[in-house]
Protein chains: 2
Amino acid sequence: MAQHSYPPDPDVMPLGPRQRALLAVLQEANAELSGQELHERLRQGSQRHGLATVYRNLRLLQRSGLVRCRKLPNGESVYAPLERDDHHLTCVSCGHSEPLPICPVATGGLGLSKVLLQGFKPLFHTFEIHGLCLSCQQSEPLSHG
Amino acid sequence: MAQHSYPPDPDVMPLGPRQRALLAVLQEANAELSGQELHERLRQGSQRHGLATVYRNLRLLQRSGLVRCRKLPNGESVYAPLERDDHHLTCVSCGHSEPLPICPVATGGLGLSKVLLQGFKPLFHTFEIHGLCLSCQQSEPLSHG
DNA sequence: GCTAAAACGAGAACCATTCTCAGCATATGG
DNA sequence: CCATATGCTGAGAATGGTTCTCGTTTTAGC
């Protein structure tokens with residue numbers, strides 16, 4: 001057991017030093033970060049950090065309900081603290097994704113009955129509108145070839 | 001120009017035979033299909049079909065607003081006809097994703113002002129609840145290591 | 001200190017997707 | 001009817017983010 005004491009939530013095991021560093025970087029950032037970006041930023045600190053461990057811990061933090069994740073059209077995953085409730089407009093043509101400054105879903109208050117959830121324990125939700133951004137509408141003749 | 005005549009929608013260029021085949025398979029399927037699954041099913045028909053073309057046409061159909069796409073946690077993309085308005089419960093631990101039989105968002109009627117959209121032309125939206133499925137809650141001791 | 005168990009890092013492996021490029025189909029103009 | 005330009009197609013190679021492997025390092029408990 002390489003765990004450090006520090007029990008912020010009885011529901012969750014204590015976090016290791018690298019996991020705390022990772023969370024801290026995510027919280028300081030004002031945007032979602034990819035695994036690679038996170039790795040780069042962590043390297044600049046004093047601790048050693050391997051890419052594999054960054055991904056390992058991202059998975060663990062996500063399972064613990066501390067980190068949320070979203071996939072961009074290019075396949076990258078981007079991460080943010082769970083409590084951040086941002087949603088996005090994403091272009092199906094160029095892949096550009098930008099924050100949508102409203103949450104159209106009554107978070108938490110979702111009228112989701114327990115019956116519908118069937119034992120599923122919700123942690124966060126993602127809402128995304130996909131379409132064509134202005135510049136793609138203008139540049140593309142929209143031909144199927 | 002290898003396009004075949006057949007103008008179903010003045011807003012959109014006519015579709016080629018492979019694009020129509022692709023759409024047909026998606027419409028017959030009662031679930032989202034991945035690019036690879038789509039490719040397999042198309043191979044079974046009479047026309048020849050290459051994987052590259054399947055992906056090429058999926059991209060084009062998506063841009064034309066005929067097909068929607070969603071990324072699974074394992075990195076695969078799954079496709080469906082645009083008009084299908086399904087949403088999902090997805091487990092952050094095992095990656096299992098199942099349909100959620102309600103749409104908590106007032107589709108179309110989203111109170112999204114044009115100001116917020118800033119020229120963005122919406123085609124479809126995705127809504128997904130991420131959390132822990134029952135079996136993952138039971139099996140995992142939730143340790144950070 | 002010493003040992004067993006857990007976490008770690010570097011690099012290889014993975015795999016869905018995209019790219020490359022030579023060949024072929026379509027449409028048109030001569 | 002044939003020549004030619006255009007651009008779609010498929011096989012296979014390349015790409016790139018993420019995961020796996022495995023030998024090493026760190027931690028916890030004694």
Side-chain angles (χ1 to χ4, degrees), chain A residues 1-6 13-22 32-40 42-43 45-64 67 69-79 92-95 97 140-145, chain B residues 1-6 13-22 32-40 42-64 67 69-79 92-95 140-145:
Chain A
M1 262 300 205
Q3 294 312 336
H4 295 228
S5 50
Y6 170 125
M13 283 278 163
L15 272 52
R18 253 160 275 247
Q19 290 166 350
R20 287 200 298 278
L22 209 157
E32 301 156 302
L33 296 177
S34 71
Q36 315 271 349
E37 287 167 337
L38 222 20
H39 179 228
E40 268 185 43
L42 286 166
R43 302 215 121 190
S46 50
Q47 272 175 120
R48 245 161 116 231
H49 282 275
L51 187 55
T53 302
V54 170
Y55 281 111
R56 246 194 307 257
N57 285 332
L58 279 171
R59 240 178 301 151
L60 293 170
L61 290 172
Q62 214 185 327
R63 288 210 253 270
S64 314
V67 162
C69 168
R70 172 171 81 101
K71 297 237 173 244
L72 301 181
N74 67 11
E76 274 189 341
S77 298
V78 287
Y79 302 86
V92 296
S93 183
C94 66
S97 187
E140 284 188 80
L142 193 49
S143 124
H144 287 277
Chain B
M1 263 299 201
Q3 293 312 335
H4 296 227
S5 50
Y6 171 123
M13 283 278 163
L15 271 52
R18 253 158 276 248
Q19 289 165 351
R20 286 200 299 279
L22 209 157
E32 302 157 301
L33 295 177
S34 71
Q36 313 273 349
E37 286 166 336
L38 222 20
H39 179 227
E40 267 184 46
L42 286 166
R43 301 215 121 188
Q44 291 167 11
S46 51
Q47 271 174 120
R48 246 162 113 231
H49 282 275
L51 188 55
T53 302
V54 170
Y55 281 112
R56 247 193 307 257
N57 285 332
L58 279 170
R59 240 179 301 151
L60 292 171
L61 289 172
Q62 214 185 329
R63 287 210 253 273
S64 315
V67 163
C69 168
R70 173 172 80 100
K71 296 239 175 244
L72 301 181
N74 67 11
E76 273 189 341
S77 298
V78 288
Y79 302 86
V92 296
S93 185
C94 66
E140 284 188 80
L142 194 48
S143 121
H144 287 277

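None of these values were measured; they are calculated from a predicted model. First the proteins, then the strands, lettered A, B, ... as listed; each starts at 1.
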TODO: Go through dT19(D), dC19(C), dG9(C) for me and flag the one nearest to the R59(A) side chain.
DONE: dT19(D)
Task: Derivation of the side-chain contact (heavy atoms from CB on, under 4.5 Å) call for R43(B) and H39(B) - done: CA-CA 6 Å; R43(B) 301 215 121 188; H39(B) 179 227; 3.2 Å; yes
- [ ] Would you mind reading off the distance between L42(B) atom CG and dT9(D) atom P, rounded to a whole angstrom?
- [x] 12 Å
Task: Whole-Å distance separating the CG atom of L58(A) from the P atom of dG17(D) - done: 15 Å
Task: Distance in angstrom units between R70(B) CZ and dA16(C) C1', rounded - done: 16 Å
Open item on the list: Tell me whether the side-chain N/O atoms of T53(B) come closer than 4.0 Å to OP1 or OP2 in dG10(D).
Closed with: yes
Open item on the list: I need the C69(A) SG to L61(A) CG distance, nearest 0.5 Å.
Closed with: 12.0 Å
- [ ] With sequence neighbours left out, write down each residue that passes side chain to side chain contact (heavy atoms under 4.5 Å, CB included) with R56(A), or none if nothing qualifies.
- [x] A52(A), T53(A), R59(A)
Task: Atom-to-atom span, OH of Y79(A) to P of dG17(D) - whole angstrom - done: 12 Å
Open item on the list: Rounding to an integer number of Å, can you tell me how far N74(A) CG sits from dG17(D) P?
Closed with: 8 Å
Task: d(CD, E76(B); C1', dG17(D)) in whole Å - done: 15 Å
Open item on the list: Can you tell me which nucleotide in dT18(D), dG10(D), dT17(C) comes closest to the side chain of S77(B)?
Closed with: dT17(C)
- [ ] Could you state the atom-to-atom distance from CZ of R18(A) to P of dA6(C) in whole Å?
- [x] 17 Å
Task: Y55(A) side chain near dT18(D) phosphate (N/O to OP1/OP2, under 4.0 Å) - done: yes
Open item on the list: Tell me every residue that passes side chain to side chain contact (heavy atoms under 4.5 Å, CB included) with Q47(B), counting only those two or more places apart in sequence or in another chain.
Closed with: P17(B), R18(B), A21(B), H49(B)
Every protein N/O within reach of nucleotides 11-16 of chain D N/O, cut-off under 3.5 Å:
from    : atom 1 : to     : atom 2 : distance (Å)
dA11(D) : OP2    : R43(B) : NH2    : 3.3

TODO: Starting at CG of L38(A), measure out to OG of S77(A) and round the result to the nearest 0.5 Å.
DONE: 11.5 Å
Open item on the list: In this structure, how many angstroms lie between the P atom of dA6(C) and the CG atom of L15(A), rounded?
Closed with: 18 Å
Open item on the list: Atom CD of residue position E37(B) - does it have more than 12 heavy atoms of other residues, nucleotides or ligands inside 6.0 Å?
Closed with: yes
Open item on the list: Q36(A) vs V54(A), test: side-chain contact (heavy atoms from CB on, under 4.5 Å). Steps then yes/no.
Closed with: CA-CA 9 Å; Q36(A) 315 271 349; V54(A) 170; over 6 Å; no
